[in-house]
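Owing to the predicted nature of the structure, the values given are computational and were not obtained by experimental measurement. The basis for the numbers below is simple: all heavy atoms, side chains too, and nothing from hydrogens, waters or symmetry mates. Numbering of ligands and ligand atoms starts at 1, following listing order.
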Amino acid sequence: MSRVFNFSAGPAMLPEAVLQQAQEEMLDWHGAGMSVMEMSHRGKEFMSIAEQAEADLRSLLKVPDNYKVLFLQGGASSQFAMIPMNLASTKRKVDYINTGSWSKKAIAEAKRFADVNIAATTEDSKFTTTPGQSELQLSGDAAYVHYTPNETIQGVEFPYTPETGGVPLIADFSSTILSRPIDVSNYGIIYAGAQKNIGPAGLTLVIIREDLIGQAADDTPVMFQYATHNDNGSMYNTPPTYGWYLAGLVFKWLKDRGGLEAMAELNQRKSAALYSAIDNSDFYANPVTPESRSWMNVPFTLANADLDSKFLEGASAEGLKTLKGHRSVGGMRASIYNAMPEQGVQALIDYMAEFERVNG
Ligand SMILES: *Cc1c(COP(=O)(O)O)cnc(C)c1O
């Protein structure tokens with residue numbers, strides 16, 4: 001068996017130790033005589049898995065008591081609709097900050113339910129930067145302000161948390177959650193699809209301030225109301241049990257490795273090494289303004305795009321996989337989430353230097 005370094009943006013690499021533990025527990029979880037996949041979600045075994053996962057997540061992110069953690073399905077994309085359906089159902093005004101492809105999708109969906117004000121957009125820069133606090137034109141009376149702390153496709157990350165003057169701040173943390181400590185109390189809702197930095201696809205995490213639950217209009221489908229999931233401990237219907245379990249193993253793994261402070265140090269180091277390899281070369285380029293560069297998703301281009309496929313073939317032969325950039329941006333993209341070891345980033349940097357030496 002040989003494991004590659006997988007730079008996919010999502011579904012992405014999982015920690016090898018987590019996969020091994022899942023393998024060991026696959027046929028018989030802790031003497032239950034069955035796999036976690038086969039358990040009743042209401043049985044005491046799965047309940048203990050679910051509760052432990054939530055407790056570990058709460059301790060990692062220091063989630064305050066007045067926030068609920070929901071383990072849902074539907075992906076971050078379902079949250080694009082659930083947020084306005086729950087918080088702005090009467091066509092209320094809402095503020096959105098547009099910093100890239102995922103912001104745009106969230107905005108398009110919100111327009112179906114709410115009166116959307118674009119508080120700032122960086123589209124003119126081709127989404128290569130983030131707006132400063134003083135550039136945000138917030139309505140003041142909006143139901144909420146929505147932003148995307150890390151744009152997975154453009155590799156642009158906010159270097160600060162927007163101030164909203166008391167208006168609930170809603171954040172799509174899909175590709176940067178658990179990459180470093182955050183202050184949850186700054187947010188109304190934090191949401192994330194699991195398949196980037198949490199676990200397998202199929203699980204969606206929502207951390208929501210209590211007072212934002214229960215505001216949906218009566219005709220909102222029950223599955224789309226936060227209250228439904230909150231009132232039932234995320235078990236109104238069958239939750240994504242195996243994803244929940246695997247996320248729990250990842251939370252444990254993070255705690256064992258020193259928690260989010262340790263991850264922040266590691267992620268800062270990994271991304272700084274890669275950006276400096278790009279910046280110190282005339283052959284590779286990254287268009288993002290340095291203060292807004294993502295720690296998680298690093299897009300880069302080659303001086304000669306005709307060499308792209310040769311670069312990718314050579315990388316693949318070295319066990320460096322899924323480096324092709326998103327079709328909307330082109331070039332390459334290296335996603336280096338928590339589970340990407342430092343050796344993986346170094347192997348990529350070494351390969352890039354050698355490729356440049358031969359082809360530059
Ligand atoms: C991947 C991604 C999404 C979409 O997530 P799904 O779970 O596939 O719906 C949304 N927002 C961001 C920032 C992402 O990276």
Trainee: Against heavy atoms of T152, which atoms of ligand 1 measure under 4.0 Å?
Mentor: 12 (C), 13 (C), 14 (C), 15 (O)
Trainee: On a heavy-atom basis, which atom in T148 and which in H146 lie closest, and how many Å separate them?
Mentor: OG1-CE1, 4.0 Å
Trainee: Quick check: are there more than 12 heavy atoms from other residues, nucleotides or ligands sitting under 6.0 Å from CD of Q268?
Mentor: yes
Trainee: Under 3.5 Å, is there a donor-acceptor pair linking the side chains of R180 and N267?
Mentor: no
Trainee: In chain order, what residues pass the ring pair (Phe, Tyr, Trp, His ring centres under 6.0 Å) check against F173, with sequence neighbours excluded?
Mentor: Y187
Trainee: May I ask you to list the atoms of ligand 1 that are less than 4.0 angstrom from any heavy atom of G75?
Mentor: 7 (O), 9 (O)
Trainee: Within a distance under 4.0 Å of any heavy atom of Q195, pick out the atoms of ligand 1 and give their elements.
Mentor: 5 (O), 6 (P), 7 (O), 8 (O)
Trainee: At a 4.0 Å threshold, what atoms of ligand 1 neighbour a non-hydrogen atom of K196?
Mentor: 1 (C), 2 (C), 3 (C), 14 (C), 15 (O)
Trainee: What do you reckon, does S77 have a nitrogen or oxygen under 3.5 Å from a nitrogen or oxygen of ligand 1?
Mentor: yes
Trainee: Considering only heavy atoms of D172, which atoms of ligand 1 have at least one such atom less than 4.0 Å away?
Mentor: 10 (C), 11 (N), 12 (C), 13 (C)
Trainee: For atom 5 (O) of ligand 1, what is the closest protein heavy atom, and at what distance to 0.1 Å?
Mentor: A76 CB, 3.5 Å
Trainee: Please state whether E151 comes within less than 4.0 angstrom of ligand 1, counting heavy atoms only.
Mentor: no
Trainee: With salt bridge (Lys or Arg N to Asp or Glu O under 4.0 Å) as the criterion, how do R112 and E109 come out once you've worked through the C-alpha distance, each side chain's angles and the decisive distance to 0.1 Å?
Mentor: CA-CA 6 Å; R112 297 154 57 86; E109 190 70 350; 3.5 Å; yes
Trainee: Kindly state each residue pair satisfying salt bridge (Lys or Arg N to Asp or Glu O under 4.0 Å) with at least one member in residues 238-263, sequence neighbours excluded.
Mentor: D56-K252, D56-K255, K62-E261
Trainee: Establish, from distance only, whether the side-chain atoms of S179 and T176 form a donor-acceptor pair under 3.5 Å.
Mentor: yes
Trainee: F80 heavy atoms, cut-off 4.0 Å: which ligand 1 atoms fall inside?
Mentor: 10 (C)
